[in-house]
Structures are given as structure tokens and as C-alpha cells.
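Let me begin by presenting the structure, written as C-alpha cells, before commenting on it.
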Amino acid sequence: MEIDIIRAVDPQVADYIEKELKRQQTTIELIASENFASKAVLAACGTVLNNKYAEGKPHKRFYNGCENVDFIEELAQERVKKLFNVGHANVQPHSGAQANMAVFLYALKPGDTILGMDLPSGGHLTHGTSVNFSGMYFNALTYGVNEHGCINYDEVEKIAQQHKPKMIICGASSYSKIIDFKRFREIADSVGAYLMADIAHIAGLVAAGVHPSPSGYAHFITTTTHKTLRGPRGGIIMCDEEHAAGIDKAVFPGIQGGPLEHIIAGKAVALLEASKPEFKTYAEQIVKNAKALAMGLMDEAMDIVGGCTENHLMTLDLRKYNKTGKEMANVLEKIGITANKNTVPDDPQSPFVTSGVRLGTPAVTTRGFKEEDMIEVAKIIASAVFSSDNEIGLNNLKERSLKLCLKYPLY
Ligand code: DSN
């Protein structure tokens with residue numbers, strides 16, 4: 001057992017790994033960006049591939065001895081191309097943020113105007129936030145959502161017409177509706193902008209055909225590999241052949257050194273898993289579970305941003321209960337449910353406090369949770385909102401959470 005090998009050298013680290021395993025096994029994981037990678041993916045990441053430097057591309061490396069990692073990286077690239085129907089894939093980005101940074105480096109010059117979704121509406125830090133490189137080095141404009149929690153496409157078009165951005169960014173970290181990539185491309189074309197689709201959250205749904213694909217619409221598609229795609233932590237960039245050389249150069253030597261070939265092996269394994277019929281069933285169940293959770297919460301008089309979900313997540317809007325996201329995320333942790341505080345549109349609270357809690361179903365669906373379990377989760381969450389000061393009540397809720405976890409053993 002790997003843990004025994006670690007324990008023999010470093011009992012302290014081994015202890016914390018075991019405790020983390022227990023935490024994952026005994027809590028309901030509702031962080032929308034997390035998942036449980038398969039044992040095969042985890043094993044691939046913990047191999048001797050860790051030891052290899054491989055700057056460059058397969059068969060064009062700066063170091064010798066790359067004959068095995070070359071084939072693994074090519075396998076990963078080919079699997080991305082097939083799964084997402086794209087012309088070129090770079091599987092080296094260490095993260096989604098670095099995938100985005102590489103696209104910016106290739107497609108933009110400092111000072112260029114970009115247009116992305118604002119953070120409170122569900123956008124991502126790297127889509128133009130002032131504290132991130134994307135907001136520091138570029139003239140970042142933002143669009144938001146309408147009263148139904150949907151992207152305001154007319155607003156996107158209006159801002160684009162007015163400011164002629166060089167790149168429009170779609171994709172989000174906390175957005176529960178289907179993204180209309182075609183409409184985004186039409187807007188981008190009308191002002192001569194590039195379109196970048198960051199599908200980090202929905203990549204697994206796109207791979208399974210449960211969410212429309214940006215392929216054929218976006219000039220650049222970026223993703224992480226560890227969310228709905230259920231792979232190792234990392235990033236990928238996809239584009240047409242015409243941008244391939246430039247994107248590859250932006251990743252290395254532009255922003256990264258040696259690729260993490262052990263993680264790329266994990267990506268390859270996850271991509272193979274994602275091409276199987278079982279993965280399609282899994283992705284469909286993620287969405288069914290999210291809908292059941294949203295319905296369950298609304299049946300308990302909870303508010304959901306946008307009133308429903310069409311993908312894997314939703315944001316609970318706590319304003320009418322005078323609770324903050326920070327407070328409720330901590331209460332949920334006490335009862336064995338892990339989620340994160342999240343801003344809601346027009347949030348009066350700061351991003352450190354927030355008025356919302358984001359809830360997602362990719363991880364619990366991997367465990368085996370079905371719709372009836374999500375209804376029970378909804379009841380537990382609603383009870384926690386209403387009785388957050390009642391210790392005995394919270395202990396009972398913790399028991400109910402644990403019971404659900406024990407129904408679906410993990411690892
Ligand atoms: N931190 C990720 C999320 O939780 O959505 C985005 O990068």
C-alpha cells in the first residue's frame with residue numbers, strides 16, 4: 001500500500017493523508033469544482049514519470065530520454081482531440097489559470113481590451129479581475145447576468161460594439177445555465193474579436209454531450225482536468241491548427257518550464273475514462289442530481305440564483321434569511337457537508353463574506369448519490385439554515401449526512 005511506503009519514511013505526512021482520506025469518505029462533498037479521481041488516475045500521477053524533464057513537444061524535446069513520455073503525451077493529445085472534436089491540444093498547462101495565461105500571452109498585447117464575465121455574476125479570477133494578471137495587464141471590461149441569472153447577451157453585444165475588445169471570454173465558475181457559444185461567436189465576429197471559452201467547470205458535461213460544445217465556435221478552449229472531467233489537477237488548451245504553434249510556444253517557453261509528465265499520464269487515463277459510455281451516464285446523473293438538489297431546496301423555501309440549474313451547480317442565495325455565505329459554509333462544515341461561500345449577483349457583501357453558498361453535484365455523483373439522496377441533502381441543508389444556532393439540531397443533521405456517506409463508500 002502506498003500509504004505504508006510513505007509512513008515508513010514520513011509518518012507525519014502519512015497521518016495527514018489518512019486523515020484526509022477519512023474526511024473525504026465521511027463528508028458530503030458539494031464543492032462544485034471538486035471530484036474524486038479514479039484510483040487509476042491517482043496511480044498514474046504517482047509514478048516514475050515524476051522524475052523526467054521534458055521541455056518542448058513530443059519528439060522535439062530539449063532533453064534526451066523522452067521516448068516514453070513522448071508517447072504518453074501524444075496519447076493525451078489525441079484523446080483530447082477526439083473527445084472534444086478539436087484540431088490541436090496542448091496538455092501541458094499545470095492549471096486552468098496557466099492555460100488561460102498562455103492564451104492571453106499568445107492572442108493579446110498588454111493594454112488590449114478584453115471582455116469577460118464579472119466575478120459576482122459567476123466569472124473567474126483570470127477573466128479580467130483587477131487582482132489577477134488578466135485585470136492588471138489588460139483593459140478588462142465585464143458583463144453580468146440578468147434578473148433570471150442568465151448571461152445578458154444583449155449587454156455583451158452592446159459592450160462589445162462600444163469598446164471593440166480584442167478577446168471575449170465566456171465560461172464561468174459559478175453559472176448554472178447553458179452557455180450559448182454560438183451567440184458569443186456571433187458577437188465576437190461582429191467586432192473582430194477572438195472568442196475564448198473556458199470550460200473548466202463543464203468539461204465533463206461537454207465531453208459527454210450533456211452541455212453543448214464550444215468546438216467550432218471558440219478560437220481557444222481552455223479547461224481544467226479535475227472538475228467534472230474527473231482527472232488529475234491540471235489544465236488543457238484546445239484550438240485550431242492555425243493557432244497551434246503559437247499556443248504551444250506561449251505555454252513553453254512562454255509561461256512554463258518542464259511539463260509534469262506524471263500528471264499528463266493521469267490526464268490521459270482520465271480522458272480514456274471520459275470516452276466510455278459509463279462516463280456519459282455519469283455526466284447525465286450529475287445534471288439530474290443537480291436538478292433534484294435545486295428542486296429539493298426550493299421545496300424547502302430556499303432561494304437559488306436563477307431559480308433552477310441546467311448543469312452541475314447552483315448558488316444558494318441566503319439574503320432573505322439574513323445569513324452570509326461565510327457563516328453558512330461554516331455551519332455546513334460542522335454537519336459534514338463541504339461547500340464554499342460564493343458571491344451572488346449584486347452581492348452587498350464582500351467576496352470574503354458573500355451572501356451565497358455554491359453547491360455542486362460532480363463529486364457526490366461519483367460516489368453514487370441519486371436523486372432521492374439529493375432530496376435528503378436538500379432537507380439537511382435547509383434545516384441547517386433554519387437551525388444554525390441549535391447544537392443538538394446540528395448534531396442530528398451531522399448523523400444524517402454521515403448516514404448518506406456510509407451508504408456510498410469511497411475508495
Ligand atoms: N477554484 C475554482 C472553482 O472553485 O471554481 C475555479 O478556479
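As the structure lists them, so they are numbered: ligands from 1, and atoms in each ligand from 1. In this chain, residues are counted from 1 in sequence order. It should be emphasised that the depicted structure is a prediction, and the values quoted were computed from it without experimental measurement. Values below: all heavy atoms of this structure, side chains included; hydrogens, waters and symmetry mates excluded.
- Every atom of ligand 1 with a heavy atom of Ser173 under 4.0 Å away is listed here by number and element: 5 (O), 6 (C).
- Between Phe220 and Phe104, the gap from one ring centroid to the other reaches at least 6.0 Å.
- When heavy-atom distances to ligand 1 are checked against a 4.0 Å cut-off, Arg358 comes that close only through its side chain, counted from C-beta outward.
- Nearest non-hydrogen protein atom to atom 7 (O) of ligand 1 is His124 NE2, 2.8 Å.
- Close placement of the Phe279 and Tyr282 rings is indicated, their centers lying within 6.0 Å of each other.
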**Study point:** From CA spacing to verdict: ring pair (Phe, Tyr, Trp, His ring centres under 6.0 Å), His88, His243
**Key:** CA-CA 8 Å; His88 177 70; His243 301 296; over 10 Å; no
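- Nearest protein heavy-atom contact of atom 5 (O) of ligand 1 is His201 NE2, 2.6 Å.
- For ligand 1, the atoms sitting less than 4.0 Å from at least one non-hydrogen atom of Ser33 are 3 (C), 4 (O), 5 (O), numbered in the order shown with element in parentheses.
- Between Arg185 and Asp189, at least one side-chain nitrogen of the basic residue sits less than 4.0 Å from a carboxylate oxygen of the acidic one, meeting the salt-bridge criterion.
- Atom 1 (N) of ligand 1 lies below 4.0 Å from none of the non-hydrogen atoms of the protein.
- When each of Arg79, Lys267, Arg61, Lys52 is tested with Glu73 by the rule salt bridge (Lys or Arg N to Asp or Glu O under 4.0 Å), just one qualifies, namely Arg61.
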